[in-house]
Amino acid sequence: IMCGLFGMQTTLLPQSKKEDLINALLVKSSTRGQDSFSLCSLEGNNLIAKKHLGVFRQRWYKKEFQKIVNCNSILGHTRQASQGQVIMDNQHPFTCGNWTMAHNGCIYGKQYLRETLIIPNGTTDTEEFLTWLVSVKKYDLSSLLEEQGQAFWIVDKTLPDQFYLLSTATHENLWIHQENGLFVFASQEDLLSTSLQIIGIKPKCQVIPHDEVLYVKNCKLYTTGIKRKKIKPIKSYVGYHNQWTQKHLSEKTYIDRET
């Protein structure tokens with residue numbers, strides 16, 4: 001298990017339940033990463049990130065994160081270090097140009113550091129990939145699909161009150177719950193469902209489609225229409241991928257193309 005991604009967007013959830021939900025997601029996502037954690041607020045084009053080294057502690061939540069939870073769009077990350085030391089420069093999310101990114105997985109493409117025109121501040125594979133996406137690929141969303149086995153949330157500061165979600169894993173690693181006025185996501189089904197139950201919401205968890213760039217706006221998941229043209233399952237996950245495909249192709253789609 002590596003790193004935890006989670007977040008929410010809401011227009012109807014009362015403030016007290018919003019605080020309890022984010023607190024629960026932070027606590028439970030800490031099981032996926034205890035080297036550092038972050039919580040971010042997105043309001044319009046303004047993204048504010050609060051970061052800490054070490055495992056999440058309640059005292060930090062009450063002292064430093066209260067203002068973040070007042071926003072309608074909240075994004076988080078817990079880190080299990082795989083590449084790069086446990087230092088603040090290596091803590092997610094990373095910002096380069098118009099993009100801010102948090103990530104789960106290991107990126108193995110060596111060309112990113114060789115080709116990037118921007119020197120990363122830290123030594124993580126995530127930041128190297130981000131600087132390459134910005135400086136070489138010029139924010140090309142399809143380039144996000146070049147690496148398999150990854151999950152990302154990305155904020156583009158030119159697009160207010162929305163964020164991208166995608167998974168290039170052939171196993172299920174981003175789960176969502178959506179209903180009127182509420183969208184929540186997390187890296188595991190059990191931690192998402194348990195967090196929702198804490199605030200009295202019956203979970204309706206679904207895994208997002210992999211190999212497709214999606215985005216969240218107005219508490220709803222949409223597709224950009226950008227997909228990987230040819231799926232190449234990671235060898236160790238071939239059997240699991242086939243099971244996933246058979247199961248989900250028969251289900252009714254739950255993402256929309258925004259009109």
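The structure displayed is predicted, hence computed values, not measured ones.
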Worksheet item: Would you say the side chain of Trp132 lies within less than 4.5 Å of the side chain of Glu146, judging by non-hydrogen atoms?
Response: yes
Residues which pass side-chain contact (heavy atoms from CB on, under 4.5 Å) with [X], listed by chain and number, not counting sequence neighbours:
X: Asn72; result: Lys18
X: Thr194; result: Lys28
X: Ser16; result: Pro14
X: Gln34; result: Val55

Worksheet entry | Non-hydrogen atoms of Gly181 and Thr10 that approach each other most closely |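 For Gly181 and Thr10, the tightest heavy-atom pair comes out as O-OG1, 2.8 Å.
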Discussion item. Give me the atom names and distance for the closest heavy-atom approach of Arg79 to Thr124.
Written reply: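 Closest heavy-atom pair between Arg79 and Thr124: NH2-CG2, 3.8 Å.
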Item to complete: Answer yes or no: is there a donor N or O on one side and an acceptor on the other, between the side chain of Asp89 and the main chain of Gly122, under 3.5 Å?
Response: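 Absent.
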Item to complete: Verify, without hydrogens or angle tests, whether Arg228 (side chain) and Asp211 (backbone) share a donor-acceptor contact under 3.5 angstrom.
Response: no
Discussion item. Run the ring-ring contact (aromatic ring centres under 6.0 Å, His included) test against His103 and tell me which residues pass, sequence neighbours left out.
Written reply: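 Partners of His103 by the ring-ring contact (aromatic ring centres under 6.0 Å, His included) criterion, ordered by chain and then number, come out as Phe152.
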Worksheet item: Which residues satisfy the ring-ring contact (aromatic ring centres under 6.0 Å, His included) test with Phe183, sequence neighbours excluded?
Response: none
Worksheet item: Going by atom types alone, do Ser167 and Asn173 pair a side-chain donor with an acceptor below 3.5 Å?
Response: yes
Under the side-chain hydrogen bond (donor to acceptor under 3.5 Å, both in side chains) rule, collect the residues that match up with [X], sequence neighbours excluded.
X: Thr11; value: none
X: Trp153; value: none
X: Ser73; value: Gln9
X: Gln91; value: Ser36

Worksheet item: Mind checking whether Trp175 and Phe185 have ring centres under 6.0 Å apart?
Response: no
Worksheet item: Between atom CE of Met8 and atom CG of Leu192, what is the distance when rounded to the nearest 0.5 Å?
Response: 11.5 Å
Worksheet item: Which residue, Leu25, Ile176, Ile22, Leu13, forms the side chain to side chain contact (heavy atoms under 4.5 Å, CB included) with Val184?
Response: Leu25
